[in-house]
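Please read these numbers as outputs of a predicted model, since none were measured by experiment. Chain A is the first sequence line, chain B the second, and so forth, proteins listed ahead of strands; every chain is numbered from 1.
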Amino acid sequence: MVRAGRVLPRSFFDRDPVEVARDLLGRVVESWTPEGIVAIRLVETEAYAGQDDPASHAWRGPTPRSAVMFGPPGRLYVYFTYGMHHCANVVCGPDNLASAVLMRAGEVVDGVDLARARRRPGAPERALASGPANLAACLGLDTSWTGTDVVVAGSPLRLRAGSPVPDEAVVAGPRVGITRAVERPWRFRVAGNPHVSGPRRAGG
DNA sequence: ATAACGATTAGCT
DNA sequence: GCTAATCGTTATA
């Protein structure tokens, strides 16, 4: 069991998503299920700025899928993609923007056995949560988790303070896997960290 | 009703 | 570097 500090308050998420994405590096996301606990220290995130952002699922206004992004900050938005993967975001402020931060990669710091069981036998430890769909799989997340409030006491998904990453260790670069607004440098990662997503690991 | 595609991943060349 | 896997969401009619 890893001591990861206090649960982040709602005010943490009630900010511009670019700020939140940057600040989320080094923080610890943990899921509590009947199977057990898995905790992951985040090393890679991306910001999505709602209706101001052509790459965001919220760009064209609310749909059944993106509705939660238009709600209050601090809730989970999990979507299903490519017919087989889930990815997890935390909704951010400000209220009118429908913004969110995608949790892209991290280091499993608690519940390694459970995390590996949810992935693939023989997956190297550094690859367990390297990529948004891998990270969501380790935590056992699917679309039924959408709407989960991560700041209420006893939530099955929590974000803890962990240890913030200093500016000199943070690299900002273009977001991955999108076709619009590619130029916005809203992907953040910890420089040189072996747990970031690949194979675009070298990109900037 | 239907078609195109996606905030990905793993495996192979 | 290239691509199959696989299906919900969205746009269009």
Nearest 0.5 Å please: distance from the [atom1] atom of [X] over to the [atom2] atom of [Y].
| X | Y | atom1 | atom2 | answer |
| --- | --- | --- | --- | --- |
| H86(A) | W145(A) | NE2 | CH2 | 12.5 Å |
| R104(A) | F188(A) | CZ | CZ | 13.0 Å |
| L157(A) | R75(A) | CG | CZ | 14.5 Å |

> Considering Watson-Crick and G-U wobble pairs with both distances under 3.5 Å, what does dT6(C) pair with?
Replying inline: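 The base-pairing partner of dT6(C), which may sit in any strand shown, does not exist here.
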> Does any nucleotide pair with dA7(B) by Watson-Crick or G-U wobble geometry, both distances under 3.5 Å, and what is it?
Replying inline: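 Base partner found: none.
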Return the nearest nucleotide to the side chain of [X]; candidates are [options].
| X | options | answer |
| --- | --- | --- |
| M69(A) | dA7(B), dG8(C), dG6(B) | dA7(B) |
| S56(A) | dA7(B), dT10(C), dA10(B) | dA7(B) |
| L102(A) | dT10(C), dT9(B), dA7(B) | dA7(B) |
| A133(A) | dA10(B), dT9(B), dA7(B) | dT9(B) |
| N134(A) | dG11(B), dA7(B), dT9(B) | dT9(B) |

>> Heavy-atom nearest nucleotide on DNA chain B for E46(A) versus R119(A): which residue maps closer to 5'?
In response: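 Checking each residue's closest nucleotide, the 5'-ward one belongs to E46(A).
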Quickly work out the [X] [atom1] to [N] [atom2] distance and round it to whole Å.
| X | N | atom1 | atom2 | answer |
| --- | --- | --- | --- | --- |
| R180(A) | dA7(B) | CZ | P | 8 Å |
| Y82(A) | dG11(B) | OH | P | 18 Å |
| Y79(A) | dC7(C) | OH | C1' | 15 Å |
| R120(A) | dT8(B) | CZ | C1' | 13 Å |
| M84(A) | dC5(B) | CE | P | 17 Å |
| R184(A) | dA7(B) | CZ | P | 15 Å |
| R65(A) | dA7(B) | CZ | P | 7 Å |
| D142(A) | dG8(C) | CG | C1' | 14 Å |

>> In whole Å, measure the gap between the P atoms of dT6(C) and dT2(B) for me.
In response: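 The answer is 23 Å between these two P atoms.
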>> Looking at A47(A), is its backbone amide N or carbonyl O close enough to the side chain of R175(A) to form a donor-acceptor pair, meaning the two atoms are under 3.5 Å apart?
In response: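 Side chain of R175(A) to backbone of A47(A), a donor-acceptor pair under 3.5 Å: yes, one is there.
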>> Before you tell me yes or no, could you show the steps for T63(A) and S66(A) under side chain to side chain donor-acceptor pair (under 3.5 Å), namely the whole-Å CA-CA distance, both residues' side-chain angles and the distance that decides it to 0.1 Å?
In response: CA-CA 5 Å; T63(A) 64; S66(A) 67; 3.1 Å; yes
> If only side-chain N and O atoms of H85(A) are considered, is one of them under 4.0 Å from the OP1 or OP2 phosphate oxygen of dT9(B)?
Replying inline: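 Result: no.
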>> I want to check one thing: is the phosphate of dA7(B), taken as OP1 and OP2, less than 4.0 Å away from some side-chain N or O of R104(A)?
In response: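 So the side chain of R104(A) is outside the cut-off, no N or O lying under 4.0 Å from OP1 or OP2 of dA7(B).
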> Among T45(A), D167(A), D16(A), which one satisfies side-chain hydrogen bond (donor to acceptor under 3.5 Å, both in side chains) with R22(A)?
Replying inline: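 With R22(A) as partner, side-chain hydrogen bond (donor to acceptor under 3.5 Å, both in side chains) holds for just one option, D167(A).
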> Using centres under 5.5 Å plus planes under 30 degrees as the test, is F80(A) stacked with dG8(C)?
Replying inline: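 It does not: the two rings, one from F80(A) and one from dG8(C), miss the stacking criterion.
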> If each of T81(A) and R60(A) is mapped to the nucleotide of DNA chain C with the nearest heavy atom, which maps nearer the 5' terminus, i.e. the 5' end?
Replying inline: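 Looking at the nearest nucleotide for each, T81(A) comes out on the 5' side.
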